[in-house]
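Structure first, commentary second.
Numbered from 1 within each chain, the chains take letters A, B, ... in sequence-line order. As a basis for the values below, the full set of heavy atoms in this structure was taken, side chains included, without hydrogen atoms, waters or symmetry mates.
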Number of protein chains: 2
Amino acid sequence: MVNQQAALDSLFHALADPTRRAVVSRLLKGAAPVKQLSEPFEMGLPAFLKHLSVLEVSGLIRTEKRGRVRTCRVDAERLAAAEGWLSQQRALWQGRTDRLADFVESQTHPEKTE
Amino acid sequence: MVNQQAALDSLFHALADPTRRAVVSRLLKGAAPVKQLSEPFEMGLPAFLKHLSVLEVSGLIRTEKRGRVRTCRVDAERLAAAEGWLSQQRALWQGRTDRLADFVESQTHPEKTE
DNA sequence: TCTATAGTTCGCCATATGGTGAACCAACAA
DNA sequence: TTGTTGGTTCACCATATGGCGAACTATAGA
């Protein structure tokens, strides 16, 4: 499933920006139109629309136009997808039976825990 | 805490690349030197080192040089930090008392669930 | 109908990203 | 000491990203 990878790419990329994370946070509290969403931010509408576009392509939000206002809402399942990858990785880490070997390794090559 | 934001930026950005996610996955199974880590990938060493650098700056991995080999290991706490933000957001979503309003909203503006 | 509002599109720009090849340094190993 | 190996650095390139202002479209309201 190479496509899975691309989905994770755009998911994490979408989240790698404070503006976009703020939008997601805001939308988790309820749907909102573009103008209202953009108000807290300094940038112009065109720049903001690009952020929305990134979010939409990633699947994190869905939008729908009624009349002249476009309403945005979050797709919580996509958030769960990102979380899923992470918890899966953590499970990998926590479930390891040979973490002892890793510990030994870290003693063999002592690092400064600064 | 603006710094928190920057940390999340670089964390998610680090994860937004299949090569880097693969490296993290691999390192979760145990520490490894640069050369060995780079073998599964097509790109040259310089490009691969840039990826490692991104991972290190984000704090997802730490590296240490002994003799002429640099050993890399993962910092699972950083993974947890990313997961933390996501689960925090999900909690926001799940804990909402007014999700009904959101539902009503979605009925008022019916979207095509394509 | 006229006007203000919500979005959209376009061309432009600076910087960041992800890759290359070539030259280079430092440690083992023979 | 002389290779060879593991990393590193450098200059360079193409493309992506994130921002801008200006011009445009389309709907809502007076």
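A salt bridge between Glu56(A) and Arg62(A) is absent, with no side-chain N of the basic residue lying under 4.0 Å from a carboxylate O of the acidic one. Salt bridge status for Glu83(B) with Arg90(A): present, with a side-chain N to carboxylate O gap under 4.0 Å.
Ranking dG18(C), dT20(C), dG18(D) by closeness to the Asp17(A) side chain, first place goes to dG18(D).
As rounded to whole Å, 13 Å separates atom P of dT17(D) from atom CG of Leu55(A). Here the C1' atom of nucleotide dA6(C) and the CG atom of Leu37(A) are 13 Å apart, to the nearest Å. Distance CZ (Arg66(A)) to P (dG7(C)): 14 Å, rounded to an integer number of Å. As a whole-Å value, the separation of Met43(A) CE from dA14(C) P is 20 Å.
Using cut-offs of 30° and 60° for the angle between ring planes, the Phe12(A) and Phe12(B) rings count as parallel.
Taken together through direct or relayed side-chain contacts under 4.5 Å among Ile, Leu, Val, Met, Phe, Trp and Tyr, Trp93(A) and Ile61(B) form part of one hydrophobic cluster.
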Do Arg21(B) and Gln5(A) pass the side-chain hydrogen bond (donor to acceptor under 3.5 Å, both in side chains) test, and can you show the C-alpha distance, the side-chain angles, and the key distance before you say yes or no? CA-CA 9 Å; Arg21(B) 282 197 307 278; Gln5(A) 290 296 328; 2.6 Å; yes

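Phosphate proximity of dG18(C) to Arg20(B): present, with a side-chain N or O under 4.0 Å from OP1 or OP2. One finds no side-chain N or O of His13(A) lying less than 4.0 angstrom from the OP1 or OP2 phosphate oxygen of dT17(C).
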Enumerate, atom names and distances included, each donor-acceptor pair closer than 3.5 Å involving a side-chain atom of residues 31-51 of chain B, sequence neighbours excluded.
unit_1: Ser38(B); atom_1: OG; unit_2: Lys35(B); atom_2: O; d: 2.8
unit_1: His51(B); atom_1: ND1; unit_2: Arg20(B); atom_2: NH1; d: 3.1

Using a 4.0 Å cut-off on protein heavy atoms (strictly under), produce a 5'-to-3' string for nucleotides 1-15 of chain D with B for base contact, S for backbone-only sugar-phosphate contact, and - for none. ----BSSBB------

